[in-house]
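Working notes, beginning with the structure itself.
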Amino acid sequence: MMSKSNTALKAEIRRLAKEKNAVIMAHYYVNGEVQDIADFIGDSLALAQEAAKTDADIIVLCGVHFMGETAAILCPDKKVLVPDETATCSLAESCPADEFAAFVKAHPGHTVVSYVNTTAATKAVTDVVVTSSNARQIVEALPADTPIIFGPDQNLGNYINSLTGRNMLLWNGACHVHARFSVEKILALKSEHPAAKVLVHPECKGPVVKLADKVGSTAALLKFAIADEATEFIVATESGILHEMQKKAPQKTFIPAPPDDSTCGCNECEYMKLVTLEKLYRCLKDEQPVVTVDTEVATLAIKPIQRMLEMSARLGL
Ligand code: CIZ
């Protein structure tokens with residue numbers, strides 16, 4: 001069978017979404033054409049907030065698997081679909097739930113703060129979930145004398161420690177895309193574009209974070225890029241965000257920061273890029289793959305996710 005043209009696929013996706021009362025949500029890191037067809041795009045916090053309040057019957061989560069799990073946990077009465085169930089997350093994989101649970105058990109009396117990039121089973125041994133959009137404020141809102149375990153992103157944990165003066169005990173995990181940005185290559189780009197401001201995600205290593213004019217989540221970097229007077233930006237996060245930056249500020253120039261030479265030379269997450277228009281169409285048409293979370297795990301994992309949403313609402317985030 002001949003594959004449909006992109007225009008036909010997009011029309012079919014929109015038709016199916018309407019017919020099935022499905023909402024299509026996409027993360028900023030997926031392919032631009034998938035972002036363009038979505039009803040809603042955002043970072044993990046915004047996607048979770050949106051999932052929690054949608055009245056759609058079906059949620060199609062265009063992103064990596066933990067994002068689908070979060071939506072499924074928040075919306076047990078809805079069908080949650082992901083276009084590619086093999087789209088995993090290196091950061092979530094760097095924190096196997098059984099090992100994390102043993103780490104937590106070995107450090108009694110700690111409040112466990114987990115980054116959203118974790119599996120449902122890891123969230124099940126967590127007290128409060130955070131995203132890069134609210135990690136600082138949520139950690140600051142915890143009583144100053146509370147010892148904290150933070151996992152799995154060590155770079156983000158170090159950054160939050162440096163901002164808050166806390167001494168959180170860190171799990172040694174990382175995102176393979178953010179961990180490979182290169183100080184030397186960013187400096188070389190900066191000398192070619194001296195007026196460019198450097199935007200850095202806090203999952204990057206400390207020396208890269210130190211080069212930043214602005215450190216923040218995708219949502220925060222996007223907001224800064226739109227509002228700031230600079231017209232050129234070097235962007236050190238997964239390059240999918242450049243699509244929305246360029247759309248929101250078409251007159252500005254966004255330059256993806258290069259990774260170091262030891263890698264494929266790529267600043268894309270290969271898992272996010274597994275989500276294509278064709279797979280989105282098939283998943284809506286066939287209503288699969290469906291994301292399911294073990295009921296016992298979901299009963300435990302919903303508590304720290306709800307706590308994050310409640311604290312974010314209270315903190316005005
Ligand atoms: O919070 C998220 O969605 C991630 C993984 C990054 C970001 O800053 O948006």
Side-chain angles (χ1 to χ4, degrees), residues 25-30 34-35 38 40-52 61-71 74 82 87-95 113-119 122-123 126 128-139 150-157 159-160 163 173-181 199-205 208-209 212 214-226 233 235-245 248 256-257 267-275 304-305 308-309 311-312 317:
M25 301 189 189
H27 191 272
Y28 290 127
Y29 291 160
V30 297
V34 175
Q35 294 186 43
F40 183 81
I41 54 170
D43 65 358
S44 297
L45 175 61
L47 294 173
Q49 287 167 329
E50 197 63 21
L61 211 308
C62 300
V64 289
H65 198 259
F66 78 81
M67 297 173 181
E69 277 190 341
T70 305
L74 282 168
V82 285
T88 183
C89 165
S90 60
L91 189 46
E93 299 290 320
S94 73
C95 190
V113 178
S114 289
Y115 194 33
V116 69
N117 297 44
T118 42
T119 62
T122 298
K123 289 184 177 79
T126 292
V128 59
V129 168
V130 297
T131 76
S132 41
S133 280
N134 59 21
R136 175 193 184 153
Q137 294 89 336
I138 287 183
V139 167
F150 185 92
D153 192 299
Q154 197 173 43
N155 294 324
L156 178 63
Y159 178 66
I160 302 296
L163 292 179
C175 159
H176 70 304
V177 176
H178 287 94
R180 66 193 180 203
F181 286 108
L199 309 181
V200 176
H201 195 279
E203 287 175 29
C204 293
K205 289 183 179 156
V208 173
V209 169
K214 171 72 184 171
V215 183
S217 64
T218 49
L221 297 181
L222 178 63
K223 194 169 164 204
F224 182 88
I226 295 167
F233 299 89
V235 186
T237 186
E238 208 279 348
S239 57
I241 185 66
L242 271 73
H243 183 73
E244 186 63 7
M245 286 177 169
K248 287 275 161 58
N267 48 20
E268 289 187 346
C269 170
E270 61 272 40
Y271 307 119
M272 287 282 184
K273 284 357 184 210
L274 286 172
V275 181
I305 301 173
M308 169 186 80
L309 293 176
M311 288 181 81
S312 296
L317 302 168

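Indexing begins at 1, ligand by ligand and atom by atom, following the structure's order. Below, each value reflects all heavy atoms present in this structure, side chains not excepted, and no hydrogens, waters or symmetry copies.
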Quiz item: Between Phe224 and Phe233, what is the ring plane arrangement, given parallel below 30°, perpendicular above 60°, and tilted in between?
Solution: perpendicular

Within the structure, does [X] bring an N/O atom to less than 3.5 angstrom of an N/O atom in ligand 1?
X: Tyr29; result: no
X: Thr218; result: yes
X: His27; result: yes
X: His201; result: yes

Exercise. Identify the two heavy atoms, one from Ala135 and one from Ile160, that lie closest to each other, and give their separation to 0.1 Å.
Key: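 Looks like CB-CD1, 3.8 Å.
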
Self-check item: Non-hydrogen atoms of Ser217 and Asp43 that approach each other most closely
Solution: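 Distance-wise, the nearest heavy atoms are OG-OD2, 4.0 Å.
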
Quiz item: Any idea which part of Thr237 is under 4.0 Å from ligand 1, heavy-atom wise: side chain, backbone, both or neither?
Solution: neither

Quiz item: Who pairs with Glu93 by salt bridge (Lys or Arg N to Asp or Glu O under 4.0 Å), at least two apart in sequence or on another chain?
Solution: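 Scan of Glu93 (salt bridge (Lys or Arg N to Asp or Glu O under 4.0 Å), adjacent residues dropped) gives none.
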
Practice problem: Return the option from Asn117, Asn134, Ile241 holding the heavy atom at the smallest distance from atom 5 (C) of ligand 1. | Solution: Asn117

Practice problem: Starting at CG of Leu309, measure out to CG of Leu45 and round the result to the nearest 0.5 Å. | Solution: 7.0 Å

Quiz item: Numbering the atoms of ligand 1 from 1, which are under 4.0 Å from a heavy atom of Ser217?
Solution: 8 (O)

Quiz item: What atoms in ligand 1 come closer than 4.0 Å to a heavy atom of Ser132?
Solution: 1 (O), 6 (C), 7 (C), 8 (O)

Quiz item: Got the closest protein heavy atom to atom 2 (C) of ligand 1, with its distance?
Solution: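 The answer is Ser44 OG, 3.2 Å.
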
Quiz item: Does a side chain donor of either His176 or Ser90 reach within less than 3.5 Å of an acceptor in the other side chain?
Solution: yes

Exercise. State which residues pass side chain to side chain donor-acceptor pair (under 3.5 Å) with Lys205; sequence neighbours excluded, sorted by chain then number.
Key: none

